[in-house]
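To start, the structure under review is shown below, and the notes come after it.
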Amino acid sequence: MKAQTEMSRGDFQKMIKICLNDLSIQRTLLENEEQTQRDDMRTLEQDQAIEELERRIMLIKKDYDFYKQFADPSFETS
């Protein structure tokens with residue numbers, strides 16, 4: 001395994017952007033699934049599924065907020 005110090009600043013920022021994009025996609029998919037569950041008739045199993053989705057969304061948001069701290073807004077990837 002390589003250390004972060006072996007990575008250039010540009011590569012690190014690219015990795016952060018990829019990570020943030022991936023987390024955004026995961027969160028959107030989970031939110032869509034949650035909305036689908038909410039649109040169906042409510043049962044105890046659906047309530048549990050919604051709670052699990054909400055928990056997963058919260059964890060993704062927490063990861064996103066953490067990684068966002070490392071993103072340099074002035075860095076251009078193009």
Side-chain angles (χ1 to χ4, degrees):
M1 182 174 107
K2 289 188 174 186
Q4 179 187 342
T5 55
E6 297 178 62
M7 182 183 298
S8 72
R9 181 179 173 276
D11 287 339
F12 179 73
Q13 287 300 312
K14 286 178 188 176
M15 184 181 68
I16 290 296
K17 297 243 185 237
I18 290 167
C19 177
L20 293 174
N21 285 336
D22 180 67
L23 290 169
S24 293
I25 291 166
Q26 287 183 50
R27 183 175 176 184
T28 299
L29 291 171
L30 290 173
E31 287 171 343
N32 289 345
E33 187 177 339
E34 179 185 22
Q35 188 58 47
T36 300
Q37 287 284 344
R38 289 185 186 280
D39 289 343
D40 292 338
M41 291 188 66
R42 302 294 294 262
T43 66
L44 182 58
E45 288 176 349
Q46 285 174 319
D47 288 344
Q48 291 172 339
I50 290 170
E51 286 176 20
E52 175 63 19
L53 289 168
E54 288 172 344
R55 186 186 71 77
R56 290 173 60 194
I57 290 168
M58 182 201 60
L59 291 174
I60 288 173
K61 183 181 181 325
K62 185 177 175 184
D63 284 346
Y64 183 92
D65 292 342
F66 174 76
Y67 291 117
K68 182 75 172 163
Q69 298 173 62
F70 297 97
D72 180 354
S74 64
F75 182 76
E76 292 293 324
T77 56
S78 48

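For the numbers below, each heavy atom of this structure counts, side chains included, while hydrogens, waters and symmetry mates do not.
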Reported [atom1]-to-[atom2] distance for the pair [X] and [Y], which is rounded to 0.5 angstrom:
{"X": "Ile25", "Y": "Leu20", "atom1": "CD1", "atom2": "CG", "answer": "11.0 Å"}
{"X": "Asp65", "Y": "Lys61", "atom1": "CG", "atom2": "NZ", "answer": "4.0 Å"}
{"X": "Lys17", "Y": "Asp22", "atom1": "NZ", "atom2": "CG", "answer": "15.0 Å"}
{"X": "Gln37", "Y": "Thr43", "atom1": "CD", "atom2": "OG1", "answer": "8.0 Å"}
{"X": "Gln69", "Y": "Ile16", "atom1": "CD", "atom2": "CD1", "answer": "10.0 Å"}
{"X": "Leu29", "Y": "Leu53", "atom1": "CG", "atom2": "CG", "answer": "11.0 Å"}

More than 12 non-hydrogen atoms from neighbouring residues, nucleotides or ligands closer than 6.0 Å to OH on Tyr67, yes or no?
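No.
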In this structure, are over 12 heavy atoms from other groups packed under 6.0 Å from Glu45 atom CD?
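Not buried by this count: 12 neighbours or fewer within 6.0 Å.
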Closest approach of Phe70 and Gln13, non-hydrogen atoms and distance?
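Phe70 and Gln13 have their closest heavy atoms at O-NE2, 2.9 Å.
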For Leu23 against Ile60, the heavy-atom pair lying closest together
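Heavy atoms of Leu23 and Ile60 come nearest at O-CG2, 3.4 Å.
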Under a single-linkage definition using a 4.5 Å side-chain heavy-atom cutoff for Ile, Leu, Val, Met, Phe, Trp and Tyr, are Phe66 and Tyr64 assigned to the same hydrophobic cluster?
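Yes, same cluster.
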Does Glu34 use its side chain to pair, donor to acceptor, with the backbone of Ala49 at less than 3.5 Å?
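Not at all, since once roles are kept as given, no pair shorter than 3.5 Å links the two residues.
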Keeping Gln35 on the side-chain end and Asn32 on the backbone end, is there a donor-acceptor pair under 3.5 Å?
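Checked: no pair found.
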What residues form a side chain to side chain donor-acceptor pair (under 3.5 Å) with Glu52, not counting sequence neighbours?
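If we apply the side chain to side chain donor-acceptor pair (under 3.5 Å) test to Glu52, skipping adjacent residues, the hits are Arg55.
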Salt bridge (Lys or Arg N to Asp or Glu O under 4.0 Å) partner of Arg38, chosen from Glu54, Glu31, Glu33
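Among Glu54, Glu31, Glu33, the one meeting salt bridge (Lys or Arg N to Asp or Glu O under 4.0 Å) with Arg38 is Glu54.
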